[in-house]
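A quick write-up on the structure given underneath.
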Amino acid sequence: MAGHFEPLPGGGAAAPLDEVEISILRSLAVQLMELIGPGEETAEGADPLAALFTEGPSEPPSDPALARLFPNAYGGPDEVPDDATHAAAAEFRRYTENDLRTRKREDALAVVRALDALGPVGGPGGADGPDAGGEGSVDGAVLRLKPDESRQWLGALNDLRLAIGTRLEVTDEDESGELLRLPDSDPRKPMVMAYLWLGGLQESLIETLTA
């Protein structure tokens with residue numbers, strides 16, 4: 001899995017993806033949406049303005065991966081907060097977490113929709129690069145993102161790495177080399193490879209957006 005993003009003329013980014021990469025990305029994005037949970041739908045006839053002020057939870061999620069995606073705004077992750085810090089974090093979460101969940105869910109959904117809309121490799125933008133014209137050697141497609149879609153993808157890739165890294169108990173980026181040396185028989189190896197691959201995609205997308 002070696003797909004990476006390159007800039008498109010006029011903004012945005014493109015990356016050739018084979019069928020396996022597309023399937024993995026889509027599956028991970030769907031799992032991320034399931035982890036985040038369903039959105040809060042406004043009841044029929046309800047005041048949409050009132051829905052904007054609906055309070056969310058005041059305590060962090062019990063799931064470690066969700067807690068990593070929705071950390072406390074005050075105090076460090078390993079810090080035992082005093083009463084004042086806990087109260088401030090709870091108040092901030094109460095009025096921000098619902099919106100943050102919605103945004104993260106929309107980012108993941110943007111990944112799914114972009115992948116579902118892909119065309120075949122070959123012709124302009126084939127597997128050799130975003131502007132290549134030759135036919136690809138493997139089945140797949142070229143993903144092309146507008147600038148706003150690129151930012152949604154960047155958010156979703158970051159969230160996926162945070163969630164997977166939490167499941168793998170990664171605490172330092174330097175541990176990536178150690179994870180890479182895991183034997184193929186280790187049940188964590190597929191998740192490790194996905195984690196490292198997502199990191200490469202994320203890094204190339206950041207470079208594309210900041211070029």
Side-chain angles (χ1 to χ4, degrees), residues 1-39 41 65-66 68-70 99-168 176 188-211:
M1 295 186 290
H4 64 278
F5 284 97
E6 297 180 11
L8 284 175
L17 300 171
D18 63 37
E19 288 186 347
V20 173
E21 293 170 329
I22 293 170
S23 177
I24 291 174
L25 275 171
R26 191 184 191 285
S27 176
L28 289 174
V30 169
Q31 291 179 58
L32 179 61
M33 287 192 293
E34 292 174 348
L35 176 66
I36 294 171
E41 297 185 2
L66 279 176
R68 187 70 180 87
L69 293 176
F70 305 101
D99 287 343
L100 186 56
R101 282 180 180 264
T102 296
R103 181 177 63 77
K104 289 181 179 295
R105 192 181 301 108
E106 289 175 348
D107 288 348
L109 182 59
V111 171
V112 173
R113 287 174 172 166
L115 294 174
D116 286 347
L118 285 178
V121 167
D128 296 327
D131 298 313
E135 292 192 3
S137 59
V138 294
D139 292 333
V142 175
L143 172 72
R144 290 182 177 82
L145 302 175
K146 298 176 182 178
D148 57 335
E149 294 172 327
S150 297
R151 287 186 286 272
Q152 287 185 298
W153 267 71
L154 189 58
L157 290 173
N158 184 64
D159 289 342
L160 283 170
R161 275 180 50 82
L162 287 175
I164 295 174
T166 302
R167 296 289 190 239
L168 292 171
S176 296
R188 297 172 294 170
K189 191 61 177 283
M191 191 181 297
V192 167
M193 299 308 295
Y195 176 77
L196 298 176
W197 174 57
L198 290 171
L201 276 179
Q202 181 184 19
E203 182 177 354
S204 69
L205 185 53
I206 291 174
E207 292 174 350
T208 296
L209 295 177
T210 57

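As a basis for the values below, the full set of heavy atoms in this structure was taken, side chains included, without hydrogen atoms, waters or symmetry mates. Quick caveat: nothing in here was measured; it's all calculated off a predicted structure.
Note: Met191 CE to Leu198 CG = 11.5 Å, rounded to the nearest 0.5 Å. To the nearest 0.5 angstrom, Leu205 atom CG is 11.0 Å from Asn158 atom CG. The line from CG of Leu201 to CD1 of Ile206 is 11.0 Å long, rounded to the nearest 0.5 Å. In this structure, CG in Leu157 is found 10.0 Å from CG in Leu28, a value given to the nearest 0.5 Å. Atoms CZ and CD1, on Arg188 and Ile164 in that order, are 14.5 Å from each other to the nearest 0.5 Å. Taking CG of Leu35 as the start and CZ of Arg167 as the end, the distance is 6.0 Å to the nearest 0.5 Å.
In terms of heavy atoms, Pro147 sits closest to Gly12 at CG-N, 3.7 Å. Closest heavy-atom contact between Leu160 and Ala29: CD2-N, 4.4 Å. Across all non-hydrogen atoms, the minimal contact from Ala13 to Ser150 is N-OG, 3.7 Å. Of all non-hydrogen atoms in Tyr195 and Arg161, the two that sit nearest each other are O-NH1, 2.8 Å.
Residues passing the side-chain contact (heavy atoms from CB on, under 4.5 Å) test with Asp107, sequence neighbours excluded: Arg103, Gln152, Ala156. By the side-chain contact (heavy atoms from CB on, under 4.5 Å) test, Leu115 is found to be paired with Leu17, Ile22, Leu25, Arg26, Val111, Leu118, Trp153, residues two or more places apart in sequence or in another chain being considered. Residues satisfying the side-chain contact (heavy atoms from CB on, under 4.5 Å) test with Ser204, not counting sequence neighbours, are His4, Phe5. When the salt bridge (charged side-chain N to carboxylate O under 4.0 Å, His left out) test is applied to Arg113, no partner is found at least two apart in sequence or on another chain. By the side-chain contact (heavy atoms from CB on, under 4.5 Å) test, Arg68 pairs with Leu162, Thr166, sequence neighbours left out.
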Between Ser27 and Gln31, is a side chain to side chain donor-acceptor pair (under 3.5 Å) present by the stated rule, with each step listed?
CA-CA 6 Å; Ser27 176; Gln31 291 179 58; 3.0 Å; yes
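Proximity of Glu21 to Trp197: side-chain heavy atoms (C-beta onward) are separated by under 4.5 Å at one or more points.
Judged as a salt bridge (charged side-chain N to carboxylate O under 4.0 Å, His left out), not a single pair has a partner in residues 145-158 (not counting sequence neighbours).
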